[in-house]
Amino acid sequence: MSEEEHVLELLIGPQHPASGHMRLVAKVDGDVVVSLRPDIGYVHRTVEKLAETKNYIQIIPLIERPPLADTANHNLGYVLALERLLGIEAPPRAQWLRTLLAEMTRIHSHFYGLGIHGIMLGSSTAFMWAFWDREIMIELAQRLTGARLTYSYMIPGGVRRDLPPGFEDEMDKALRYLERRIPDYHKIFFDNPVTRARLEGVGVLRREDAIRLGIVGPNLRASGVPYDVRKVDPYCAYPELDFNVVTREEGDSLARMMVRVGEIRESINMIRQILKKMPDGPILEERYLKMIPPKWKEWMAQHRRIKLPAALISLRPPKGEAVARVEAARGEAVYYIVSDGSPKPYRFRVVSPSIRNVVLFEHLIRNCRVADIPAIYGSLDYFPPEADR
Amino acid sequence: MMGLLEWILDLLLSPWLFVPLIYPGLISAFAVLLFIIWFERKLAAKVQLRYGPLYVLKRLGGAIQLVADLLRYLFAEPIVPDQADRLAFIFGPILLFASSYIAAIAIPISYDFYAFRSEISLLVVLGLNTLAPAFNLVIGWGSNNKFGLIGGLREGFLITADEIPMFVSALAMAVLYGTMDLVRMVELQSEWLWGIALNPLAAVTFFVLMLLSTSRFPFEIVEAESEIVMGPFTEYSGILYGLTMGASYVKLYVLSLLFAILFLGGWEPLPPLEFPGSWLILPGAVLFLKALVIMCLSVFMRAVYPRYRIDQALRLAWHYLFPASILSVFLSLLVLSGWSI
Amino acid sequence: MTDRRWSSPVFRLKGHLDAILTGAKYLITPRATVRYPEEVIELPEGYRGFIEYKKDICISCGLCATVCPANAMKMYVERAAEPGEEAPAEEVKPKRYPGINYTRCIFCGFCVDVCPTGALEHVETHDVAYEDFNSMIYPPGEFAAGPPKPEFDTPPRRLRPTMDERRGIAYEPAD
Amino acid sequence: MVCGISGSMWLGDLERTARKAARWLVERTPIRSLRDWGIAFSLWPVHFTTACCGAEFAAASAPRFDAERFGFLPFVAPRQCNLMLIEGTLTKKMADAAIWVYEQMPEPKFVIAMGACAIDGGIFWNSYNIVRPKDILPVEVFIPGCPPRPEAVARAVIKLQKRIRRGEAIGLKV
Amino acid sequence: MASKSESQVQGKAEAAPPGEIETLLGEVLEGLSPEISSARGAVSVKVPPDRLKEAAERLKAAGFDHVKAVTGIDRPDSGEIELVYHVSSYLDPRLSKWIVALRTTLPRDNPETPSLYDVWPSVKYHEMEQREMLGIHFSGHPDPRSLLLPESYEGVPPLRKDFKVKVEGINA
């Protein structure tokens with residue numbers, strides 16, 4: 001028989017319980033997937049082109065939409081690139097606040113990934129629990145920033161709000177709750193023999209392949225490459241934080257999941273350190289702070305937030321270009337801005353972690369079983385809007 | 001007039017109509033269906049720290065959620081895809097549902113109330129039960145959908161993997177009791193011990209296989225939504241879908257009744273009662289409660305487990321459950337010889 | 001690095017038991033749900049919900065419309081009196097006021113933060129759904145009339161979330 | 001998966017008569033209000049995530065907000081669902097799929113547009129690759145926000161329930 | 001060169017003495033007429049288009065094992081499209097600190113360049129994206145499909161400057 005005669009082409013998605021916002025074209029021989037081709041672009045919202053029509057500050061909300069669960073890290077990446085372009089730096093307290101929100105976002109983004117992985121394996125409890133524990137961090141982030149997910153918190157030169165009163169105590173209780181919960185997750189999901197059977201040895205990404213294909217984030221670290229931008233090229237408050245880069249050697253789906261769990265633990269530790277070491281001081285760079293009308297000073301101190309100075313609306317960075325990279329929850333995000341001196345960027349490039357990981361679909365989901373498609377997909381924590389931008 | 005009413009009542013209460021139509025047949029099967037699906041959702045919701053269906057009837061915790069769902073199915077547009085095999089598509093679910101519940105007719109509900117009593121009534125129940133998965137195959141093929149086809153094929157693999165060990169573990173009990181007559185089995189359990197104490201291995205094996213054959217978690221493989229949408233039922237809408245969804249629960253109900261009779265002493269500890277009327281209600285209720293507990297335990301697994309891959313389920317069935325069922329036969333012999341010494 | 005213990009059936013059996021027992025444990029754990037239309041979570045101060053507009057202190061500077069990333073805030077020209085009518089000259093002179101278009105608004109709060117007089121402010125309301133597309137567009141007059149309000153059949157209980165070590169988020173009555 | 005849609009399982013002239021009779025019967029008040037009650041408490045949105053609002057949609061089904069209380073159960077295949085929630089931006093590529101999925105759903109069926117992007121594009125209003133859902137689908141309820149809070153999703157469901165029970169939303173193709 | 005002052009502004013690059021990476025790149029790319037300069041956050045290396053692949057091979061051999069981004073920049077004023085490969089290393093901690101922007105310019109009316117897929121397989125999806133967004137033809141690229149845009153898309157590639165999107169003023 002020719003190949004066409006015994007291979008069944010399955011179109012998984014875009015309407016499919018486990019496809020997300022993409023289509024997977026799987027060629028299936030019996031129960032074995034011969035090859036799989038990801039068909040992405042279903043959420044391509046043209047961020048790079050739209051950025052060319054927007055002022056620099058208006059791009060902040062724009063780049064937050066694609067990586068929705070992981071907004072703060074991407075916001076930070078963009079703002080760092082912009083600050084490099086402008087030649088300014090945020091004051092220390094703002095840097096620590098940024099790091100705080102980035103780690104909080106990492107926790108809830110990882111829970112998001114774990115929850116989606118759970119439902120893809122059929123464990124609705126893992127999904128529901130993860131989405132519940134996410135709410136803890138979301139609730140706290142909401143007190144800090146005023147929004148559930150789309151914080152738009154970091155602006156060039158600083159952050160928009162200061163810690164609300166009593167935040168440290170509340171955070172401490174929340175972190176202790178999360179630490180209590182993780183053993184239960186282990187019992188019902190991570191160490192459930194069924195989960196183990198589904199994930200162990202499934203979708204193994206070897207170390208050299210991970211490097212060759214340019215994989216990022218927990219997926220890379222699960223294959224034994226200790227590459228983490230927070231260590232390699234530290235930004236904000238990370239040089240002063242004590243944390244480990246979580247790695248695993250196996251490179252299978254289970255390892256990828258467990259790296260995320262390990263990173264949640266690390267982030268919990270980091271948040272404790274951040275709240276302990278947070279310096280006092282202004283949260284916006286002085287030159288912008290001076291532009292705010294004096295009549296707002298008292299209001300700002302009382303409400304612990306800042307007014308946007310009008311100068312920020314139409315920032316005009318000098319001609320040139322800047323690159324910044326951050327370790328977002330799903331991996332390294334690269335922001336590249338080319339400025340021609342006008343208030344709008346000349347070329348704006350976002351390289352999100354998901355677009356760099358999309359190659360894993362065709363690489364990993366091959367010669368595995370149909371049921372392994374969601375198991376591997378879930379373990380990648382791939383978020384199509386982030387990839388398509 | 002009264003005569004007519006009495007005649008109808010008599011007819012209804014006669015075992016040959018009562019058993020297939022009312023209990024444990026159609027009507028109670030529907031009642032169980034309404035209850036158990038709601039209960040499954042509530043139970044999973046509780047483990048997941050939430051409420052589940054609530055506002056449809058708030059005082060009873062949303063207990064009639066399935067009524068609303070059924071009404072919606074009933075009034076939804078029935079769609080038959082152009083390329084489906086119309087006959088298979090329409091009659092598949094009906095036959096699937098019917099064959100899932102038909103085995104209930106061979107189940108006795110008391111020492112002296114049954115549609116028929118036979119020396120081999122256990123075989124009748126098991127045999128009729130094996131019919132249902134075949135219609136899953138028909139449905140999967142008939143709806144002419146790739147996911148349906150894969151789901152049907154999975155069912156095909158699972159039939160052999162679950163039905164054979166299930167037969168064997170049930171027959172282990174027949175070996176133990178020395179009969180295949182379900183009424184006699186209950187009688188013997190009242191003299192000895194409950195089957196679950198006599199042969200726990202067969203009980204556990206049978207229970208796991210029950211989960212497997214009714215596609216409860218962790219073996220919800222035939223309609224594994226994250227892999228193959230709804231498997232054979234992907235193309236079904238409206239009331240036909242309602243039937244396909246209900247079928248596996250009805251099968252679970254029948255198997256739970258069988259489990260209660262084989263292992264939990266049936267309507268024990270009730271002795272044959274003398275006063276009129278009681279022969280119907282009390283033993284039936286006891287049996288029903290036991291079956292209900294088994295069903296609740298089965299649906300609780302949804303809150304605990306992800307699902308196995310098909311090959312893992314097959315391996316589990318052939319590597320562990322099948323040998324376990326064979327072992328349980330020997331265990332039966334051992335117990336029997338121990339008993340007679 | 002693979003955990004060798006998992007190859008032992010006994011260890012796996014223990015895993016099954018652990019999972020089932022953990023599930024059972026959560027049968028008696030209190031629920032986390034806020035029953036929304038009856039109970040409402042009180043939002044923290046400064047939550048970025050719908051926007052309240054105080055037209056009397058607006059100075060028509062247009063910064064809000066300039067900063068709006070989604071072009072949802074627009075300046076509408078308004079005259080107190082039509083030209084030709086008998087009116088003081090400054091009332092005939094067109095003045096521009098912001099109106100908001102919730103079909104686009106992304107609730108980033110930039111307009112509120114940039115407003116030099118504090119004429120724009122967030123309210124906590126966030127849970128409104130519309131049946132009509134055009135009713136989501138608020139020209140200055142309607143914008144100034146106040147933010148949209150959700151209707152409740154019965155007045156809801158307001159709950160204030162606080163963190164709790166055992167339950168994650170505990171709620172206490174806010175009133 | 002090419003599946004055509006056939007309106008009915010009946011054949012020939014019988015079909016028309018039966019349809020007429022069925023419609024007449026369904027339109028009678030007690031049956032009709034029973035039907036509307038059933039539909040209102042059994043709104044099953046199809047798993048069709050169009051963009052990032054899916055994250056908040058998932059949060060709406062999650063324990064803290066638990067939309068399942070309203071009988072709102074996200075379900076797997078379009079054939080079994082009667083509600084389509086456009087969760088955020090609809091790109092051109094996705095719009096084809098959206099129409100396809102909507103066509104596959106049995107009547108009565110409803111559409112809710114969630115998020116600014118699904119109403120008028122939101123921050124992506126001038127993107128060259130988006131479609132406004134109200135142009136291609138009969139949207140019953142709009143939820144503003146970017147993304148809307150889970151409470152707002154619940155609010156939209158309540159609103160749709162009320163509309164159905166008042167007979168304002170019939171969910172049929174005209 | 002601006003590298004020293006920039007790195008001080010960032011306050012991040014103290015770990016390596018400025019100039020080290022430029023020297024290294026100069027050695028690696030000797031003979032390919034590279035123009036090396038430090039921009040903010042990256043070290044820029046410009047090579048002629050016909051030397052791109054060779055430069056890539058040498059960088060790969062020097063330990064730059066993956067590509068972070070491929071970016072095309074349309075410059076209609078000079079009639080060119082600038083192509084930038086942001087390259088770095090996972091394994092060599094000395095190189096990981098740096099991002100090298102390997103750049104070249106292509107003519108705008110017929111932008112064609114050899115695909116670097118053979119050198120760095122990690123460019124695959126980036127090059128596909130730049131192809132459909134800017135119309136750059138990467139010869140030797142293994143996958144001819146469009147990536148993000150619908151298959152039926154026709155017209156000016158969207159990220160070219162002559163592709164205009166609608167904008168609105170602040171007035172209603």
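Per chain, numbering begins at 1; letters A, B, ... match sequence-line order.
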Side-chain donor/acceptor of C:Thr125 to backbone N/O of C:Lys149, under 3.5 Å: no
Worked check of salt bridge (charged side-chain N to carboxylate O under 4.0 Å, His left out) between C:Arg35 and C:Glu38: CA-CA 6 Å; C:Arg35 297 197 301 273; C:Glu38 300 151 38; 3.3 Å; yes
From CD1 (A:Ile292) to CH2 (A:Trp299), nearest 0.5 Å: 9.5 Å
Most contacts with chain A, counted as non-hydrogen pairs under 4.5 angstrom, among C:Leu63, C:Ile20, C:Leu13: C:Leu63
Residues A:Glu48, A:Arg389: salt bridge by 4.0 Å N-O rule: yes
Donor-acceptor under 3.5 Å (A:Glu250 side chain, A:Ala255 main chain): no
Closest heavy-atom pair and its distance - C:Thr117, A:Trp296: C-CZ2, 3.6 Å
Top contributor to chain C interface from A:Lys173, A:Lys307, A:Arg305, A:Arg161 [non-hydrogen pairs under 4.5 Å]: A:Lys307
Leading residue by heavy atom contact count with chain A [cutoff under 4.5 Å; candidates C:Arg12, C:His122, C:His126]: C:Arg12
Polar side-chain atom of A:Gln142 near backbone of A:Arg148 as donor-acceptor pair, under 3.5 Å: no
A:Arg206 and A:Glu249 ion-paired at < 4.0 Å: no
Under 4.5 Å from a heavy atom of chain C, the part of A:Leu62 involved: neither
Polar side chain donor-acceptor pair, A:Tyr185 to A:Asp191, under 3.5 angstrom: no
Most chain C-contacting option - heavy-atom pairs closer than 4.5 Å, from A:Lys187, A:Lys295, A:Arg160: A:Arg160
Part of C:Lys25 within contact of chain A (heavy atom distance under 4.5 Å): side chain
Interface residue of largest heavy-atom contact number with chain A, from C:Leu43, C:Val67, C:Thr66, under 4.5 Å: C:Val67
Residue, of A:Ile188, A:Leu254, A:Leu312, that accumulates the most heavy atom pairs under 4.5 Å with chain C: A:Ile188
Which portion of C:Phe11 sits near chain A, non-hydrogen atoms under 4.5 angstrom: neither
Contacting moiety of C:Cys68, where chain A heavy atoms sit under 4.5 Å: backbone
Heavy-atom pairs under 4.5 Å with chain C, option from A:Arg181, A:Lys54, A:His186 with the top count: A:Arg181
Region of A:Arg304 that comes under 4.5 Å of a non-hydrogen atom in chain C: neither
A:Glu64/A:Ser152 under side chain to side chain donor-acceptor pair (under 3.5 Å): CA gap, chis, key distance, verdict: CA-CA 7 Å; A:Glu64 278 188 336; A:Ser152 301; 3.0 Å; yes
Heavy-atom side-chain contact between C:Phe152 and C:Val40 under 4.5 Å: yes
Residue selection (most heavy-atom pairs with chain A, distance under 4.5 Å) from C:Ile169, C:Asp18, C:Asn71: C:Ile169
Option in A:Thr125, A:Asp133, A:Leu140, A:Asn55 with maximal non-hydrogen atom pairs under 4.5 Å from chain C: A:Leu140
Contact leader toward chain A among C:Tyr47, C:Phe107, C:Tyr26, where contacts are heavy-atom pairs under 4.5 Å: C:Tyr26
A:Phe189, part contacting chain C, at a heavy-atom distance under 4.5 Å: neither
Region of A:Arg143 that comes under 4.5 Å of a non-hydrogen atom in chain C: both
Heavy-atom pair count under 4.5 Å with chain C, highest-scoring of A:Arg180, A:Glu139, A:Met171: A:Arg180
